[in-house]
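Here's the structure, in structure tokens; my notes come after.
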Amino acid sequence: MNTTLLIWLIPVPPLISFLLIVLFANRTKALSHSIALTSVIMSWIMSWIVVFSAFAKGYYYGENPFHSYIHWLPTGTTYLDMGVAVDNLNSILLFFVPLCIVAIFLYSIGYSNFGKPVHDHDLPGTPPHHGVDPLYSRFFAFLSLFAGAMLTLTVADNLLLLFVGWEVMGLCSYLLIGFWYGREYDDPKATPPRIAAIKAFLTTRVADVMMLLGIAYLYSQAGTLNFHDIFFNEELMYDLTHNPSMIAGFTVANLIGLLLFIGTVGKSAQFPLHVWLPDAMEGPTPVSAMIHAAAMVSAGIYMIIRMFPIISAGGSHGPNPTMEIITFIGAFTALFGATIAIAQYDVKRVLAYSTISQLGFMVAALGMGAYVAATFHLMTHAFFKALLFMGSGSIIHGVEHGMHDVHEHIDPQDMRNMGGLKSRMPITYWTFLIGGLALSGFPFVTAGFWSKDEILGDAWAHHHYIVFTVLCIAAFLTAYYTMRQISLTFYGEPRTKSAEHAHENNWTMTLPLVVLSFFAIFAGFIGVHGEFPVLGQLFGNNPFEHWLVGALPKDMQPKPFTFTWFPVIMSIAVALGGLLVGYLVYGRNPLKSADQVDPVKKLLGPLWTMLENKYYVDEFYYAAFVKPAHWIGETLTFKIIDRGIIDGIIHFVASFFWKAGVGSAAVEQVAVDAPPDRMADGVRWTGDAMKYIQTGRIQNYLMYTVIAIALIGVLFGFLVAG
Amino acid sequence: MSGSQIAFLIISALTVYSALMVVTGRNLVRSALWLVMTLFMVAAVFTTLDAGFMAVVQIVVYIGAIAILILFAVMLTRKVMNDTEPQTNDNWWMAVIVSVVIFVGMVFMVSGVSLPARPASDVSNQIVDLGNAFVSPNQFILPFEVASVLLIAALIGGIAIAMPREEEG
Amino acid sequence: MIPLEWYLILSSVLFCVGLYGVLARRNAIAIMMCLELMMTSITINLVAFWRYGNVANLSGQVFAVIVFAVAAAEATVGLALAISIYRNRDTVVANDLNLLKW
Amino acid sequence: MDFTTFEAAHFLAILPEIVLIAVAALVMFMDVVQKGESRRMMGYVTAIGLMAAMFIGIGFSLPMGDPKLLFGGTIRHDMLGFVFRMMFLVAGAITALITMDVKGLGKRGDFYAVLIAAVIGMNFMAIASDLIMLYLAIETTSISAYALTGFLLNSDRSAESGLKYFLFGAVTSTVMLFGFSLLYGFTGHTNLYGIAEALGAGNVPFVTLIGIAVMILVGIGFKISAFPFHFWTPDVYEGAPTPITAFVSTASKTAGFIVLIRVFIIALSTNSGVAGWLPLMMAIAAVTTTIGNLVALAQTNIKRLLAYSSIAHAGYTLMAFVAFESQPEQSVSAATFYLMTYIATNLLAFAIIIVFARAAGSDEIKDYAGMSRRSPYLAHMMLVAFLSLAGIPPLAGFLGKFFIFKVVVDAGLYWLAIVGAINALVALYYYLIVMKVVYVDPAPEGASKISITRPYQIAMVALTISVIVLGTAATPWYNWAIAGASSLF
């Protein structure tokens, strides 16, 4: 079959699966997951056919991608085209995204307790405890839509189609994070899923509207949204990168880049819009894996990598306000997320903050112009983070089984309630260990090491010493909290009965873990720096970089940085150092009981409390935005302005005139057939004036309107006269 | 000041006076009668403009139909408001101010325009021309036809709304 | 000869008197009377403009006739609504009609 | 007297309206003849009649070649008017369908007849190019709509909202009429193109022109419910029979926009006046959107919520409109397309509300709790409608907003684009709150399944499909919008 046609078909099966499940298969659970799984496997196969035929064609450049489009909307003289394309960059995504998705789908089957009957105690909208999830089919429908949207975004050849996929994913995240909408917590500080869902959707929407403005701005400047047509049009790129925008110091490209980057800040949970992502943990774990690894946050990073020529304004290492902002936010987020992660007890939340931190690495890398390193880390991170999330889901699932066996009521996600799972869940342990080491950047054998090293090396080579230092600290903390997590979960003795009775899950959950472990190790070898002694040559002189830079126009392709030992040593040191410290604190002396105070808490004191509370960012947002918004929406606009002020003004002016003695007689003789009791009425009425807060009266409405007309008239009169 | 001007001023004064009586009267029946008077004076204004046909239409349509309709409505709803309670709402003085402001604005608007000083001399045959204008396809036949749609729709709507309540059938 | 301005001012006065009535009268039917004042003031405008403009072009008069028709239709529906409310709720005071608010 | 100028082309141009009159007569006839349950058939007859008028229009009245002024310049037979007429016919047909099972309306032939009269009025609003025709068309629409609003005999709210609508509308349209009379007086023309020519000569001073523009804006602002002429909207929308709320909030508003486009772009923008009223219009656009969205946040009644949301949508359409100075064709086509998407989406939302109110007897948002379990399909369609209103791709509302943002940014009105973007965000919030109630909150004890009768099924499925199609396979519709826009200039 024709390759370009195949690209069109990649996102189609999951979308069809969504429709099929919603419309026809929602009564049959087995049919639902069969349809969903088949559809994503089809997408996966098609993607890999496309990807490998792209690899096979050799180093063709972004100038000449697999491309297919239709005229979609006429816009006056030209057309807005809709199409799909695969070039060097998104072929990488097509390599790992469908694979992760298939793994997640397979995992979901076991995770939702498929095979057990529906239990009476399991209500729709709550996590299943005894039997299969009552909304099993709906779950697969949403998941399919999610996958379809992500694949649409991946193959899009233009920013608009990308945005469509982007927003549909936002919607799916809303639906899926709130999937267990019935869940409530006793703790008032905990965020129930239905709130988390709205929070996620709205926070990302804040960013999305800015991104949409960026898209509109780009479209109005360039006349097209097709990536290829913009980046390879030298004249246009010259204009974009040299014309000043309306904000001083920013060229048009800078401003567009900044607006688009805000989209990424939301989608990829960068500071200060990161708040939604930890709460997104309220969704079922496969959803977390989907959001954090395979799809959503990757989409944010992918978008700015895709728009790199605009963001970097043509060159990669020049002074550029947008790039500086990106670097700063990325580096800050990397450190910020990592520090919070060290003080969390929830097994998934640690990973959530870890994701925020790792995304910060990618963003910072991109901000420094490390195009290749950012993409490389995106890919390796997807593998090991999906692995870790599913591993954590497997742990939670195991502990929950234990809970039901011994009828205990504990929080199955709290690491303090675990311990000693190593022997009880061996497959989960070993795969989780591989993922954790990859995340920590364990030297030489894990993918995470190579990609993180690439970022650090690039930062060092291009003299971003501050960023380098910050990222090193973040990397150290990463290794530390990873080891903390592994120790608390797997080592020592079980601290609760549930943990004691936990046992390994069935094959649909463990198989994906094993597959992803493979990639978490070996995916790193394709991107080893070419000048790295021995290994560089051994692994083909960094084929990843050679492949990837092809996506860019020739004069923008970044050169490989010169290899130096210092960053490598640093990255080995922080990884091993972090792991070692983590082991010394938590692994060597495991917690004895679930109530024991965390040893570091004593050391850090109030700082720990602050970290545990995530620097109070949520609280700050609540006080600074949510409350005022409510106040504006309800009190100010509705109660005061709509009901109060307008009427109030009328009545206030009334009493004023009255008291000022414009007086009954004069006014009434001129204008009104005056009743004698006017005066008495007037006084009573003046006293009540401020009480008359009323609407629903048509004449008041008319009065407002006529006053508005008069004001407009007076305003124009003054403008013209003056 | 010519005779026609004096006549106009008298007519205008009467028009405005009766209009004021309409808006200020306590007794609604009287207000309605003052409305008839106002409309009648407007018909007189039309005659000063050599628009005899318009004057007739004014009397037939406005007074003969609309004003009478209003009078009926007033009679029909008479018992709910007696004449002693105030006929204006709390915001009447605002209404005065706003109306005056709007009036000043209108005068200000009109004052800037250079208007024709005197009317055209020849106004013969206008009734025939008007008749033609309403039926000729390259003039105003379409508004004429649409007006009939409007009137029928209003009639149907009016009857339907004013029907007494009935049990749902 | 009467200046055109006089007609315009007459119609403006009539219009604003009507506007005042619409804003101030309590009785819905009285408000409709005031609306008729506003409508009729406009016909003065239209006829005067016709007379002082191109007399052969009758659009001013046509417009005025159409305004009559509209006024009649408006009165029909408006009064029907007022009577309907009167029947159901025993009031014609505009400000008492506040079932729908906030 | 010259009757020889009657031409077939003249009649073909208004053939859909002639058909409509015949349909109205047929419905009135059926009203007399039909008895019992079969009276409901009048709804189908009306809907089919309106659709027939549409297809007859496409078959015979499609404007070919250059736009022509017909009937002595009272109408302009152009693509823009044609597109809007088709929109009105569809909206009218859907309204007839969603009226059929409303208690106290569905079996009344007079209701359908007046509805058709309103559609006739709108169709003439779309093509009128003469002040006389325009005023008459506006009033035909408005007066019919006042009557329709007060049609429920047994509802105090219906009558009250009818009277409020009437009073507000009559005053504003009278102010507009005063503006028309001055426009006629100072230029000597009633034809919009004649006026444009006369104004181009520059005899009318700037202040006067602005004054006239403001007066006319009062009337049009009422129809499109723009700030500060929107005060009637929530009350009337809440009290009116819901099909009429749907009709007024979509078709009637759209008709206001076509008048806005014709009067302000054709007649009032030919001399220095354009610089004068455009800033005012921009301010109105921004404030309208903001007020609509903010106040919507505090609503507890779904019809009032949609009323404020429709105010906000009027603001968006105005945003497209105010960009016309530098982007004339794109501005008009963006506004037209936005209105198409808005009509489809809002009608869908109101159809759902009617179905739900029939089952639950309430329009309060809190009573929507658990609707997804009482009727999943209804809930899914509501999700589609609300997400489209919120502008989420790939639904119709997104594409509409996209073109508006694009044209606003193209015109250099960045601040307006930012206002619009922030508002899009606020809007999403209250739409989501409603969807949360629908999907998440538990249904009351003993709540029954919601049954959807045939006419509603037809209407809602058609609308859902169009919301999706307008957002994805938008080419033909957007082509129409472009063709319309280019026929204006």
Side-chain angles (χ1 to χ4, degrees), chain B residues 4-5 8 12 15-16 19-20 22-23 28 31-32 35 38-39 42 45-46 49-51 54 57 61-62 65-66 69-70 73-74 76-77 80-81 87-89 92 95-96 99 102-103 106-107 110 115-116 118-120 122-123 129-130 133 140 143 147 150-151 154-155 157-158 161-162 164, chain C residues 1-6 8-10 12-21 23-27 29-30 32-34 36-37 40 43-44 47-48 51-55 58 61-62 64-66 68-73 75-77 79-84 86-88 90-93 95:
Chain B
S4 62
Q5 285 179 337
F8 176 81
S12 310
T15 315
V16 173
L20 282 173
V22 174
V23 297
L28 272 188
S31 282
L35 177 65
T38 317
L39 298 174
V42 171
V45 172
F46 288 157
L49 287 164
D50 300 316
M54 297 307 294
V57 173
V61 174
Y62 250 117
I66 300 174
L69 204 59
I70 288 177
V74 171
L76 215 59
T77 61
V80 290
M81 282 181 82
Q87 292 292 326
T88 50
N89 61 24
W92 64 269
V96 175
S99 304
I102 298 265
F103 176 70
M106 283 175 156
V107 173
V110 172
L115 294 168
R118 48 180 55 252
D122 177 31
V123 291
D129 285 347
L130 192 62
F140 295 104
L150 165 64
L151 287 168
L155 198 65
I161 294 166
Chain C
M1 224 40 237
I2 308 161
L4 177 54
E5 283 88 343
W6 291 20
L8 298 185
I9 287 173
L10 172 65
S12 301
V13 170
L14 213 49
F15 186 86
C16 290
V17 169
L19 184 63
Y20 161 77
L23 294 175
R25 294 293 297 219
R26 291 177 63 213
N27 189 310
I29 294 173
M32 280 172 215
M33 292 187 215
C34 302
E36 297 305 331
L37 287 181
T40 204
T43 54
I44 297 180
V47 177
R51 185 70 186 84
Y52 285 75
N54 177 7
V55 185
L58 278 163
Q61 284 208 30
V62 171
V65 171
I66 296 292
F68 287 156
V70 169
T76 316
V77 171
L79 292 172
L81 284 165
I83 287 175
S84 162
Y86 169 74
R87 240 194 258 284
N88 296 348
D90 223 22
T91 180
V92 281
V93 177
N95 277 354

For this session: Pick whichever of C:G21, C:A82, C:A73 has the most heavy-atom pairs under 4.5 Å with chain B.
Result: C:A73

Exercise. Between B:F8 and C:W6, what is the ring plane arrangement, given parallel below 30°, perpendicular above 60°, and tilted in between?
Worked result: tilted

For this session: Look at B:V74, B:I66, B:L76 and state which one has the largest set of heavy-atom pairs under 4.5 Å with chain C.
Result: B:I66

Exercise. Between C:A30 and B:L28, which heavy-atom pair has the shortest distance, and what is it?
Worked result: CB-CD2, 3.7 Å

Problem set entry | C:R87 to B:A162 - nearest heavy-atom pair and separation | NH2-O, 2.5 Å

For this session: Pick out which of B:L130, B:D129, B:V57 makes a side chain to side chain contact (heavy atoms under 4.5 Å, CB included) with C:Q61.
Result: B:L130

For this session: Quick one: list whatever passes side-chain contact (heavy atoms from CB on, under 4.5 Å) with B:V107, sequence neighbours left out.
Result: B:F103

Problem set entry | Choice from B:L39, B:D50, B:T15, B:L155 maximising heavy atom contacts with chain C below 4.5 Å | B:D50

For this session: Go through the steps to decide whether B:T38 and C:E36 satisfy the test side-chain contact (heavy atoms from CB on, under 4.5 Å), and finish with yes or no.
Result: CA-CA 10 Å; B:T38 317; C:E36 297 305 331; over 6 Å; no

Exercise. When only pairs under 4.5 Å are counted, which of B:A147, B:A65, B:G157, B:A32 shares the most heavy-atom pairs with chain C?
Worked result: B:A32

Problem set entry | Residue, of C:I83, C:N54, C:V65, that accumulates the most heavy atom pairs under 4.5 Å with chain B | C:V65

Exercise. What's the spacing between B:F46 CZ and C:I44 CD1 if we round to 0.5 Å?
Worked result: 6.0 Å

For this session: Give the member of B:V45, B:I161, B:L49, B:V42 that has the highest number of heavy-atom pairs under 4.5 Å with chain C.
Result: B:L49

For this session: Under 4.5 Å heavy-atom distance to chain B, tell me which part of C:L19 shows up: side chain, backbone, both or neither.
Result: both

Exercise. In terms of heavy-atom pairs under 4.5 Å, which option from B:P143, B:A19, B:A133 contacts chain C the most?
Worked result: B:A19

Problem set entry | Partners meeting side-chain hydrogen bond (donor to acceptor under 3.5 Å, both in side chains) with C:T43 (sequence neighbours left out) | none

